[in-house]
Amino acid sequence: MNTPRTAAAPDARPSTGAVTAPSAPPARPRRGLSRRGRRRAVTVLHRFLLVVALLYFVAPFLWMVVYSVFPAGNLQRENPDLDPGALTLSSYRRLLGQSSFLQPMLNSAVVGLLTTLICLALGSVAAYGLARLRFRGKQVLLLAMMSTQAIPVIVLAVPLFIVIRTLGLFDTPAALVITYTAFILPLVVWMMVGFFEDIPVSLEKAARIDGCGRWQILWRIAAPLAAPGLAATGVFAFITAWSDFFLAKILTASNATTLPVKTASFQGLFANDYTSAATAGVITTLPVMLLALAAQRWIVRGLTEGAVKG
Amino acid sequence: MAHHSQHTQSSHSLPSRRSALALGGGLVAAAGLTACSGGGTASSTSATPLAPTSSAGGSIRILDDNTNKIFGSGVVARFEKDTGIKVEKYEQANFNDLHDRLATLFSAQDSSYDVVMTWAAWSAEFGRAGWLQPLSQSAVPAGVLPAALDAVSYGGTVYGLPKFASAQTMFWNKDLFEKAGLAPDTAPATWDDFVSAAKELTGGGVYGYAADLGNTDGAYQNFLRVLLLNGGTMYDSANKPVFNSDKGVDALDRLVKLLRTDKVMSPSSLQITNSSDLNTLFANGKAAIVFNWPAQYPVAVAKGALGKAAVGSGILPGIAVRSASIDGSEGFAINNYSKNKAAALKWLQYVTTAAVQKQMVQEEGWFPVTSSLLQDKTVTSELPIVSTYLQESRYQIKRFGAPWYSDVVQQLSTGITKAMLGQTTPKKALDAAADQASTIIAKYK
């Protein structure tokens with residue numbers, strides 16, 4: 001409707017001639033911030049807190065980066081000299097040119113990837129079974145799997161060492177893959193069960209009507225739908241295997257040493273090679289960060305899907 | 001040697017790594033897993049002291065820390081040639097990782113290594129556990145220094161032989177002494193002399209004194225040194241902690257005063273976690289006096305640093321006694337599950353020979369392990385601070401290695417750090433640490 005607007009005040013009402021209650025007193029100017037101003041202040045506060053939180057988490061990493069690109073002499077003084085002219089990547093060139101550093105990198109990559117692949121393959125099958133099949137003791141089985149996580153790894157160090165040695169696998173990447181799989185698989189199963197349970201059963205019923213068997217349903221229907229969950233779980237499995245220090249220290253000597261153990265070795269008894277340690281730290285952290293960034297969309301989707309059960 | 005524990009201080013209620021590993025070992029026994037372990041295990045151990053035999057042969061495997069380079073770069077080859085014993089493996093591992101690796105190997109009754117590196121705390125811990133082979137007196141070469149032998153012994157039993165000797169001595173910057181109007185060639189003989197010299201030397205960005213109090217073992221070492229200089233001791237004859245005696249409280253009080261009252265100790269001392277950083281601080285002329293390990297000397301006299309003429313070295317200044325120091329010797333011991341102990345003993349003895357020890361002095365700057373070599377002219381000319389160690393060896397040099405070393409040191413260092421920061425008094429800090437130490441030690445009885 002194109003009714004012409006009057007010039008009346010917004011609260012002006014048409015007069016009916018009847019006695020009416022006195023109109024509200026004219027609005028007084030508000031003290032303090034308007035609603036818009038308040039909203040803006042809250043936004044600024046949120047962002048400020050976000051920056052503080054971000055700095056809190058990122059500062060140690062940034063300082064590690066600084067240590068890796070500045071000569072130690074510039075930093076180990078009362079007032080660190082952060083002259084950009086002193087920036088250098090020489091420690092990266094040096095470490096990445098040494099086979100004694102590249103081998104642990106390769107070991108970590110092989111161990112991390114193999115562990116992740118095995119955990120995802122076995123874990124998704126087991127999780128699907130637990131999510132879809134009905135059998136006695138299902139909950140007990142799930143709880144039993146998680147109970148293994150309650151045992152401190154350090155207590156298992158000696159038995160693990162004996163088993164690995166007996167198998168002739170001491171100081172081999174296989175020793176770490178087997179051990180990490182044993183520790184990570186229950187968690188992968190636990191996480192994946194939630195993702196599979198979120199997939200509507202009707203889709204699988206439809207697939208069954210179309211002639212799909214259990215395996216086909218798993219690989220053609222359930223697994224693709226649970227892809228965000230698989231990504232989130234895979235990143236988790238990889239990070240856990242990639243960053244382990246204690247078991248790698250106990251189960252390897254020189255051939256299968258991994259990056260965290262190699263990084264720690266720069267901290268010696270009589271001398272700390274801070275630059276090498278920081279450089280190795282950055283190199284160790286980067287793949288994890290890149291992986292997390294690349295899979296961020298899937299991780300967030302996967303985690304939220306797994307968290308809320310419909 | 002600065003055995004710096006890199007562990008962070010954990011909550012009291014949590015089991016220590018040591019006790020957890022021991023528990024792990026217990027689980028192994030309970031599970032009977034050892035019965036099915038393969039060729040890496042030995043069937044029995046021996047408590048009978050091992051004596052040298054002339055028929056030693058075969059092969060050995062050695063697990064060392066990464067302190068020394070001479071073994072891998074020549075000594076092993078010469079040993080093989082001289083004795084006919086093959087060294088199948090000489091492996092070096094980071095010191096900070098070695099304890100857990102050794103504890104795991106021993107708990108699993110593993111015989112992968114015949115010879116392992118040891119020092120005061122491990123000789124006590126692993127020796128008491130029955131994991132190291134006791135040696136007979138006839139296996140100990142003549143003239144081995146008592147302090148160095150103490151580092152490979154526990155409770156009167158010798159578990160190994162030292163590979164080098166080490167103790168802390170005093171280093172001072174003669175140029176800074178001269179600049180401050182002090183006699184550059186005269187070392188402070190008493191604690192009071194040291195404090196007054198440090199006061200004169202402090203100023204213009206230079207501190208009279210600096211220390212490495214920044215980690216667990218560093219804090220302990222700095223306190224222990226003053227405790228010994230004050231005539232105190234860590235434990236009585238029944239292993240009751242007595243470091244909180246009047247002498248102990250006075251010792252910590254003196255340490256605190258250096259930092260907080262006299263302000264002659266570099267504040268960076270609380271952040272220095274490694275003796276190498278202390279080496280650098282002194283070599284850069286930022287600290288006039290340090291009490292440090294022998295490795296300080298080559299760093300200080302290196303090209304671009306202070307130079308030989310500017311570095312003074314002397315025994316530590318006493319409080320109640322003329323001097324004393326803390327020991328940092330390292331050695332080798334024989335795995336009690338080894339299948340070739342006779343050959344392993346040959347290696348231990350070979351390392352103490354004059355040729356190897358002289359090489360150690362010349363190439364790495366550690367002190368020799370026998371008294372005759374301490375007075376050898378080639379040795380003293382190569383490493384002038386050896387004569388300082390010879391003087392120091394007339395006084396008490398201790399480390400108080402014990403099976404409970406790490407746990408007690410962790411508690412004690414927490415108290416020391418709090419006292420240094422002014423968060424508590426030296427007496428309260430030491431009393432609390434002594435109570436905790438008593439509880440820890442009681443578990444070992």
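Proteins come first, then strands; the chains are lettered A, B, ... in the order of their sequence lines, and each starts at number 1.
Interface residues of residues 251-263 of chain A toward chain B, defined by a heavy-atom distance below 4.5 Å and sorted by number: A:Thr252, A:Ala253, A:Val261.
To the nearest 0.5 Å, atoms OG (B:Ser112) and CZ (A:Phe170) are separated by 7.0 Å. Note that CZ of A:Arg165 and OG1 of B:Thr104 are 11.0 Å apart. Values are rounded to the nearest 0.5 Å. The structure places OH of A:Tyr274 at 3.5 Å from CG of B:Asp277, a figure rounded to the nearest 0.5 Å.
Remark: A:Tyr180 engages no residue in a ring-ring contact (aromatic ring centres under 6.0 Å, His included) (not counting sequence neighbours).
For A:Lys138, the NZ atom is densely surrounded, since the number of other residues' heavy atoms within 6.0 Å is greater than 12. Taking a 6.0 Å sphere around CZ of A:Phe135, one finds it holds more than 12 heavy atoms contributed by other residues, nucleotides or ligands.
Residue A:Lys249 forms a side-chain contact (heavy atoms from CB on, under 4.5 Å) with just one option from B:Asn96, B:Asp97, B:Asn94, B:Leu98, and that option is B:Asp97.
The two atoms that bring A:Ile162 and B:Ala108 nearest to each other are CG1-CB, 3.4 Å, heavy atoms only.
For a residue to count as touching a neighbouring chain, one of its non-hydrogen atoms must lie under 4.5 Å from one of that chain's; by this rule B:Phe106 does not touch chain A.
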